[in-house]
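Here the structure comes first, spelled out in structure tokens, and everything after it is commentary.
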Amino acid sequence: MNLNSEPTPLSVIATVSRLVTKITDRISGDRSEFPLLVACVTAEALRKLGYQADVFYGQAAWIETMEDMNIMWVGCWGDHTHFWVATPYGEVIDLNTSVSYRKKSHSNPLHKPKYSPPMLWSREVPKFYRYLPEGIAEVDLDSDRDQRWFKLCLSEVLEKLPTLEQLLQTADENLDFPDEAILCPGRRILDDAAQNFRHYDRAIMIKGIPDSPF
């Protein structure tokens, strides 16, 4: 069976997203600042399960909702670079968008985000995201800290990762997703306990989507 000829199963999405986000958050202190670390660990976890996955770099943007309920594009473009994972099926995997509100903008101290878009694991990318890949990233963790974090995160994720056979036998009602909104294949959105996506989506419906920065 060609694992890359169809969408990633929900059981794989649930387990990999939960392990990667939980472990990278704990080890780094806040994964929102380290998209390359998150992408690298995600790709390695998928490869361990037999799925081809590559880390891409390029421009990326997504819409955030501010405390005053206005919306704006944020992300990395121009002189800044973002990292995410892609599969041969065409899925875009970004486990950092849901926590982008935690990042503070040094260039805009008035930027006070309240809601971010869901984590993304889908071939279908809604209009409140923008990804412009520039190539496959050659992972270069040049600091001792980054190398140490990557080894710690990866070893723990792989240690706790079930086999593909075990994951495929898991019933949907027993899946354990992270408590963050996530957009899955088929535009299936799973909200978090606080229903943050519902509030996010309402603001976008009211304000509309502005022109993207690229």
Side-chain angles (χ1 to χ4, degrees), residues 1-18 20-21 32 35 38-39 42-43 45-47 49-65 71-77 81-101 115-137 164 167-168 170 172 175-192 195-214:
M1 179 177 67
N2 184 354
L3 299 177
N4 296 293
S5 63
E6 54 189 26
T8 308
L10 277 181
S11 56
V12 172
I13 294 174
T15 302
V16 171
S17 63
R18 174 175 49 81
V20 171
T21 57
S32 68
V38 174
T42 301
L46 285 172
R47 292 170 191 152
L49 294 171
Y51 292 88
Q52 183 179 339
D54 293 303
V55 177
F56 277 77
Y57 71 92
Q59 300 182 67
W62 48 88
I63 288 178
E64 284 183 345
T65 300
I71 62 176
M72 67 181 295
W73 285 99
V74 301
C76 300
W77 59 86
T81 300
H82 189 57
F83 300 92
W84 63 92
V85 175
T87 68
Y89 183 72
E91 293 170 316
V92 176
I93 304 170
D94 191 341
L95 303 185
N96 267 27
T97 48
S98 59
V99 292
S100 70
Y101 70 92
Y115 300 115
S116 300
M119 282 187 280
L120 179 61
W121 196 312
S122 177
R123 185 178 185 176
E124 301 171 285
V125 180
K127 292 182 179 179
F128 46 79
Y129 304 96
R130 285 277 290 164
Y131 289 88
L132 185 61
E134 298 175 12
I136 296 177
L164 180 60
L167 289 174
L168 295 180
T170 305
D172 284 359
L175 298 182
D176 187 10
F177 283 86
D179 188 18
E180 298 176 22
I182 183 169
L183 174 61
C184 298
R187 285 181 174 262
R188 179 176 180 179
I189 294 180
L190 304 177
D191 212 344
D192 58 13
Q195 294 190 314
N196 281 317
F197 178 74
R198 182 172 65 87
H199 300 303
Y200 173 87
D201 188 48
R202 182 174 181 273
I204 288 182
M205 291 180 63
I206 293 173
K207 297 291 185 178
I209 297 179
D211 291 339
S212 66
F214 57 86

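For clarity, every value in this text was computed on a predicted model and none was experimentally measured.
Counting all heavy atoms, side chain and backbone alike, D192 lies closest to A181 at CB-N, 3.8 Å. For the residue pair E134 and Q59, the shortest heavy atom distance occurs at OE2-CG, 3.5 Å. In this structure, M119 and P178 approach most closely via the heavy-atom pair CE-CG, 3.4 Å. The shortest non-hydrogen separation linking K127 to I209 is CB-CD1, 3.8 Å. Shown here for L120 and T97, the closest heavy-atom pair between the two residues is N-OG1, 3.9 Å. In terms of heavy atoms, W77 sits closest to A61 at CZ3-CB, 3.7 Å.
Between the side chain of D191 and the backbone N or O of R198, at least one donor-acceptor pair lies under 3.5 Å. In terms of modelled atom types and a separation under 3.5 Å, the side chain of R130 and the main chain of F214 share a donor-acceptor contact. Of the possible donor and acceptor atoms, one in the side chain of W73 sits under 3.5 Å from a partner among the backbone N and O of P210. Listed for the S17 side chain is a donor-acceptor partner under 3.5 Å among the backbone atoms of A14. Of the possible donor and acceptor atoms, one in the side chain of E91 sits under 3.5 Å from a partner among the backbone N and O of T8. Here the side chain of Y200 pairs a donor or acceptor atom with the backbone of I63 at under 3.5 angstrom. At distances below 3.5 Å, at least one donor-acceptor pair connects side-chain atoms of S116 with backbone N or O atoms of Y101. Using a distance-only test at 3.5 Å, with no hydrogens or angles considered, no donor-acceptor pair links the side chain of S32 to the main chain of S100. Panel note: side chain R123, backbone Y89; a donor-acceptor pair is recorded below 3.5 Å. No donor-acceptor pair closer than 3.5 Å links the side chain of W121 to the backbone N or O of L95.
The side-chain heavy atoms of W62 and P126, taken from C-beta on, include no pair separated by under 4.5 Å. Side-chain contact between W84 and P133: present, with at least one pair of heavy atoms (C-beta onward) separated by less than 4.5 Å. With contacts defined as side-chain heavy-atom distances shorter than 4.5 Å, the pair Y129/L183 qualifies. Within the 4.5 Å cutoff, the side chain of F128 has heavy atoms near those of the P118 side chain.
Heavy atoms of other residues, nucleotides or ligands lying less than 6.0 angstrom from CZ of R47 number more than 12.
Atom OG1 of residue T65 and atom CE of residue M72 lie 11.0 Å apart, to the nearest 0.5 angstrom. Taken to the nearest 0.5 Å, the OG1 atom of T21 stands 10.0 Å off from the CG atom of D179. The CD atom of E64 lies 10.5 Å from the CD1 atom of I204; values are rounded to the nearest 0.5 Å. Separating the CZ atom in F56 from the CG atom in D94 is a distance of 13.5 Å, to the nearest 0.5 Å. Atom CG of D201 is separated from atom OH of Y115 by 12.5 Å, given to the nearest 0.5 angstrom. F177 contributes atom CZ, which lies 4.5 Å from atom SG of C184 (distance to the nearest 0.5 angstrom).
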Inset, instruction - Give the intermediate values and the outcome of side-chain contact (heavy atoms from CB on, under 4.5 Å) for residues I13 and I93. - result: CA-CA 10 Å; I13 294 174; I93 304 170; over 6 Å; no
Inset, instruction - Would you please test S11 and L175 for side-chain contact (heavy atoms from CB on, under 4.5 Å) and show each step? - result: CA-CA 6 Å; S11 56; L175 298 182; 3.7 Å; yes
Inset, instruction - Using the side chain to side chain donor-acceptor pair (under 3.5 Å) rule, take H82 and N96 through it: C-alpha gap first, then chi angles, then the decisive distance, then the call. - result: CA-CA 10 Å; H82 189 57; N96 267 27; over 6 Å; no
